Trainee: 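Okay, handing you the structure first.
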Amino acid sequence: MQRVVVGLSGGVDSSVAAYLLKQQGFEVVALFMKNWHDKTGLLKAECPFDEDVDFAKMVARKLEMPFHIVDLSEQYRKRVVDYMFSEYQQGRTPNPDVLCNREIKFDEFLKAALALGADFVATGHYCRKEVINVNGDETYRLLAGVDPNKDQSYFLCQLSQQQLAKALFPVGGLLKPEVREIASLLGLATAERKDSQGICFVGKVDLPVFLQQKLAAKKGSIIEIPTSRYSTLNAPAEGDFKALSAPVKYKPTDGKIVGTHNGAHFFTIGQRKGLNVGGTPEPLFVIDTDVESNVVYVGQGQEHPGLFRKGLLVPTDQIHWVRPDLQLENGQTIELLVRIRYRQPLQAATLIMKTEGLYILFAEPQRGITPGQFAAWYANDELIGSGVIL
RNA sequence: UGACCUAUGGUGUAAUGGCAGCACAGCAGAUUUUGGUUCUGUUAGUCUAGGUUCGAGUCCUGGUAGGUCAA
C-alpha cells in the first residue's frame with residue numbers, strides 16, 4: 001500500500017483531500033505544519049494558529065489517521081518572510097504564497113513527509129496533476145482545478161517536475177461546494193469553516209504595519225502624473241515589443257505634488273487605498289513607485305494610461321518551466337494564455353524568447369503589471385511555466 | 001494702505017430664503033490562500049459675533065482668515 005502524507009491545515013479542503021485519499025486506498029498520514037507564531041500586524045485579534053491545529057486534530061481523529069505536527073517556522077521565516085521583506089525593500093511586490101509552495105510545502109514539508117516514509121504528499125489545492133509520456137520520460141502536467149472559481153494552479157506555478165512527481169491534489173477535480181458537501185456529509189468539523197485569506201500561514205495582516213518590523217517609515221512625496229503626459233507621439237510602436245514591455249519611468253517634474261506618504265516601499269502599482277489624498281473627481285491609483293527617491297507616482301481614474309501596459313519581460317534567470325520539454329529556444333515565439341495575478345482570467349498573449357529574457361506581449365493592455373509578481377503561462381488549462389516580472 | 005472677491009465634512013465642490021447633497025479621502029463589512037483590485041455600508045460640514053425673517057449656508061452689519069487688483 002502506498003503511503004501519502006497529507007498537509008492537514010485545519011481547513012475544509014485538506015480535510016476532504018485526506019478523506020478522498022483514504023477512499024482511493026492509500027495509507028494516509030496527517031501532518032500539520034506550524035510555520036508562524038507572530039501576530040504582529042494581524043488584523044483579527046483572535047489567534048488563529050492554535051485553532052487550526054485543533055481542527056486538524058479533530059479531522060485526523062474522525063478519519064482515523066495518525067496525526068503529526070512539524071514546525072517549519074525557522075525555514076518559513078528564512079525562505080518566505082525574509083524574501084518578502086527584501087523584495088518590498090527593493091520596491092518590488094512579492095508573492096509570498098508562490099514561494100511558500102516552492103520552498104516550504106513542496107520542499108521542507110515534502111522532506112518531512114518523506115522522512116515519515118511517504119510515497120506522495122497531498123494538499124488541498126484546487127488543481128490537477130496528469131502524467132504523460134514524453135519521449136520515454138514520465139512527464140507531469142500541472143492542470144487548472146475543475147472549479148473555475150477556485151483554480152489555484154497559479155500558486156503552484158514555480159513547482160518543478162521533481163516536486164510535481166511527489167504531489168497529489170485530491171480535490172482538484174471537484175467544485176468547492178462539492179467539497180463542502182462531502183465534509184458536511186462526513187460530519188467533519190471543518191465543513192463550515194471560512195476559507196483562509198491573506199498570506200498563507202501568516203494570515204490577514206495590515207501590510208504597512210507588518211513591513212514596519214523591518215522597513216522604516218519615511219515621508220516622501222505623492223506626485224500625480226497628468227494624462228497629458230501620454231501623447232501618441234512617444235508611445236512605443238505596435239511592433240516594438242522591447243519598448244512595449246519596458247516599465248515606464250517617471251520623474252518628479254512629470255507631475256505635481258498632491259500629498260505625502262510614509263514610505264514608497266509600502267505601495268504597489270494599481271493600489272487605490274491608503275494614499276490619503278482626496279478631493280479629486282476620480283480616485284487616484286498608484287502607477288509607479290521609486291524607492292530610491294522615495295516617490296509614489298499616481299494617476300487619476302480607472303482608465304489612466306499609466307495603469308496599463310501591453311507587455312512585460314521575465315528576465316532569463318527568472319524563467320521557470322514547469323514543463324522543461326516545452327521550453328522555448330532563443331528566438332522562438334508562441335501564442336499562449338497568461339495571467340499575472342491569482343484569479344485573473346487568462347489573457348491571450350505572444351511569448352517571445354530572447355537572450356535577455358522572455359517577452360510577453362498581451363493582445364489587450366493589462367492593468368497593473370507589477371514588478372516582483374509572477375506571470376504564469378498556460379496552454380489551455382495546463383500551466384507551462386512562470387517567472388518574476390521585471 | 002485702499003478697492004474688490006471668497007469663506008460649506010479631512011479635500012474638491014452643490015444647494016429660486018424652505019429637509020445641507022455629490023465626489024474623493026477615511027472607517028467598517030463582503031469578495032479574495034500574495035500585494036492589489038472590486039462591491040456594500042458608514043463617519044464627518046455651513047469661519048465668527050450680531051441683525052432682518054415664520055424660516056438664513058443663502059439677505060444686512062462688524063470681526064477674522066485667504067485671494068485679486070491698485071499703491
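Lettering follows sequence order; numbering is per chain, from 1. Because only heavy atoms are used, hydrogens play no part in the values below, and waters and symmetry mates are left out as well, while side chains stay in. Values in this document were obtained by computation on a predicted structure and should not be read as measured data.
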Trainee: Could you tell me the Watson-Crick or G-U partner of B/G2, where both distances fall under 3.5 Å? Say none if there is no partner.
Mentor: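 Across all strands, the one nucleotide that pairs with B/G2 is B/C69.
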Trainee: Counting side-chain heavy atoms from C-beta on, which of B/G36, B/U34, B/A25 comes nearest to A/T268?
Mentor: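 Minimum distance to the A/T268 side chain belongs to B/G36.
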Trainee: Would you classify A/G274 as touching base, sugar-phosphate or nothing, given that sugar-phosphate means primed atoms plus P, OP1 and OP2, and contacts are heavy atoms under 4.0 Å?
Mentor: sugar-phosphate
Trainee: Across all strands, who's sitting opposite B/C39 as a Watson-Crick or G-U wobble pair, both distances under 3.5 Å?
Mentor: B/G29
Trainee: Could you give the distance from CD (A/Q75) to CD1 (A/I104), rounded to the nearest 0.5 Å?
Mentor: 6.5 Å
Trainee: So A/L284, base contact, sugar-phosphate only, or nothing? Heavy-atom distance under 4.0 Å.
Mentor: nothing
Trainee: Classify the side chain of A/Q271 and the base of B/U37 as holding, or not holding, a donor-acceptor pair under 3.5 Å.
Mentor: no
Trainee: How is A/V98 classified with respect to the nucleic acid when contacts are heavy atoms under 4.0 Å: base, sugar-phosphate, or nothing?
Mentor: nothing
Trainee: For A/I269 and for A/V277, find the nucleotide of RNA chain B with the closest heavy atom, then tell me which residue's nucleotide is more 5'.
Mentor: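 Final value for this comparison: A/V277.
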Trainee: Regarding A/T370, tell me which of base, sugar-phosphate or nothing describes its non-hydrogen contacts under 4.0 Å with the strands shown.
Mentor: base
Trainee: Pick the P atom in B/A20 and in B/A44, then give their distance to the nearest Å.
Mentor: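 Nearest-Å result for B/A20 against B/A44 at atom P: 14 Å.
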Trainee: Report the residue from A/L63, A/V6, A/V5, A/L20 that forms a side chain to side chain contact (heavy atoms under 4.5 Å, CB included) with A/V28.
Mentor: A/V6
Trainee: A/L143, A/F374: one ILVMFWY side-chain cluster at the under-4.5 Å cut-off?
Mentor: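 Different clusters: A/L143 never reaches A/F374 through Ile, Leu, Val, Met, Phe, Trp or Tyr contacts under 4.5 Å.
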Trainee: Considering only the C1' atoms, how many Å lie between B/A49 and B/G10, rounded to the nearest integer?
Mentor: 27 Å
Trainee: Anything under 30° is parallel, anything over 60° is perpendicular, the rest tilted; go ahead and classify A/Y342 against A/F155.
Mentor: tilted
Trainee: If we take the C1' atom in both B/U38 and B/G45, what is their distance in whole Å?
Mentor: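 So the two C1' atoms sit 29 Å from each other.
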Trainee: Report the base-pairing partner of B/U46 (Watson-Crick or G-U wobble, both distances below 3.5 angstrom), or none.
Mentor: none
Trainee: Using the P atom on both, measure B/U37 against B/A25 and round to a whole Å.
Mentor: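 10 Å, rounded to whole Å.
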Trainee: Under 4.0 Å between any heavy atoms, over every strand shown, what does A/Y88 touch: base, sugar-phosphate, or nothing? Just pick one.
Mentor: sugar-phosphate
Trainee: With heavy atoms under 4.0 Å as the rule, sort A/K105 into base, sugar-phosphate or nothing.
Mentor: base
Trainee: For atom P, what is the distance between B/U33 and B/U42, given to the nearest Å?
Mentor: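 Approximately 28 Å lies between the P atom of B/U33 and that of B/U42.
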Trainee: For nucleotides B/U64 and B/C47, find the distance between their C1' atoms and express it as a whole number of Å.
Mentor: 8 Å
Trainee: Report the nucleotide, chosen from B/A25, B/G35, B/U33, that has the shortest atom-to-atom distance to any side-chain atom of A/R272.
Mentor: B/A25
Trainee: If you assign A/N101 and A/K273 each to the RNA chain B nucleotide with the nearest heavy atom, which residue ends up on the more 5' nucleotide?
Mentor: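 Between the two, 5'-proximity favours A/N101.
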Trainee: Base, sugar-phosphate, or nothing for A/F374, non-hydrogen atoms under 4.0 angstrom?
Mentor: nothing
Trainee: Can you find a donor-acceptor pair, distance only, under 3.5 Å between A/T280 side chain and B/G12 base?
Mentor: no
Trainee: Check every atom of B/U34, B/U33, B/G26 against the side chain of A/Y154 and return the nucleotide holding the closest atom.
Mentor: B/U34
Trainee: If the C1' atom of B/A71 is compared with that of B/G63, how far apart are they to the nearest Å?
Mentor: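 It comes out at 25 Å once rounded to the nearest Å.
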Trainee: Between the base of B/G35 and the side chain of A/R341, is there any donor-acceptor pair under 3.5 Å?
Mentor: yes
Trainee: In whole Å, measure the gap between the C1' atoms of B/G57 and B/G41 for me.
Mentor: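 Taking atom C1' in both B/G57 and B/G41, they lie 28 Å apart.
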Trainee: I want to verify a distance call: between B/U37, B/G26, B/U34, whose nearest atom is closest to the A/F285 side chain?
Mentor: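 Among the listed nucleotides, the one closest to the side chain of A/F285 is B/U37.
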Trainee: Suppose we define a pair by two distances each less than 3.5 Å, Watson-Crick or G-U wobble; what does B/G17 pair with here?
Mentor: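 Across all strands, not a single nucleotide pairs with B/G17.
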Trainee: Is the NZ or CZ atom of A/R339 both under 6.0 Å from the centre of the six-membered ring of A/Y378 and within 45° of that ring's axis?
Mentor: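 Ring-cation test returns yes.
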Trainee: I want to verify a distance call: between B/U37, B/G35, B/U33, whose nearest atom is closest to the A/C200 side chain?
Mentor: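 Among B/U37, B/G35, B/U33, the one nearest the side chain of A/C200 is B/U33.
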Trainee: Under 6.0 Å from the ring centre and within 45 degrees of the ring axis: does the NZ or CZ of A/R341 meet both conditions for the six-membered ring of A/Y154?
Mentor: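 The answer is no; the distance or angle limit is not met.
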Trainee: Now, which nucleotide makes the Watson-Crick or G-U wobble pair with B/U53, with each of the two distances under 3.5 Å?
Mentor: none
Trainee: Compute both the distance and the angle, then confirm whether A/R323 meets the cation-pi test with A/Y140: under 6.0 Å from the six-membered ring centre, within 45 degrees of the axis.
Mentor: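 The answer is no, since A/R323 fails at least one limit relative to A/Y140.
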Trainee: Of all the nucleotides listed (B/U33, B/G35, B/U34), which has the minimum atom distance to the side chain of A/N95?
Mentor: B/U34
Trainee: In the structure shown, which nucleotide is the Watson-Crick or G-U wobble counterpart of B/U11, with both distances under 3.5 Å?
Mentor: B/A23
Trainee: Under 4.0 Å between a side-chain N or O of A/K194 and OP1 or OP2 of B/U33?
Mentor: no
Trainee: Pick out which of A/L8, A/V59, A/D13 makes a side chain to side chain contact (heavy atoms under 4.5 Å, CB included) with A/T190.
Mentor: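 Only match with A/T190 under side chain to side chain contact (heavy atoms under 4.5 Å, CB included): A/V59.
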Trainee: Does A/Q302 put a side-chain nitrogen or oxygen below 4.0 Å from OP1 or OP2 of B/U38?
Mentor: yes
Trainee: Phosphate oxygens OP1/OP2 of B/U34: is one of them under 4.0 Å from a side-chain N or O of A/R343?
Mentor: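 Answer is no, no contact under 4.0 Å.
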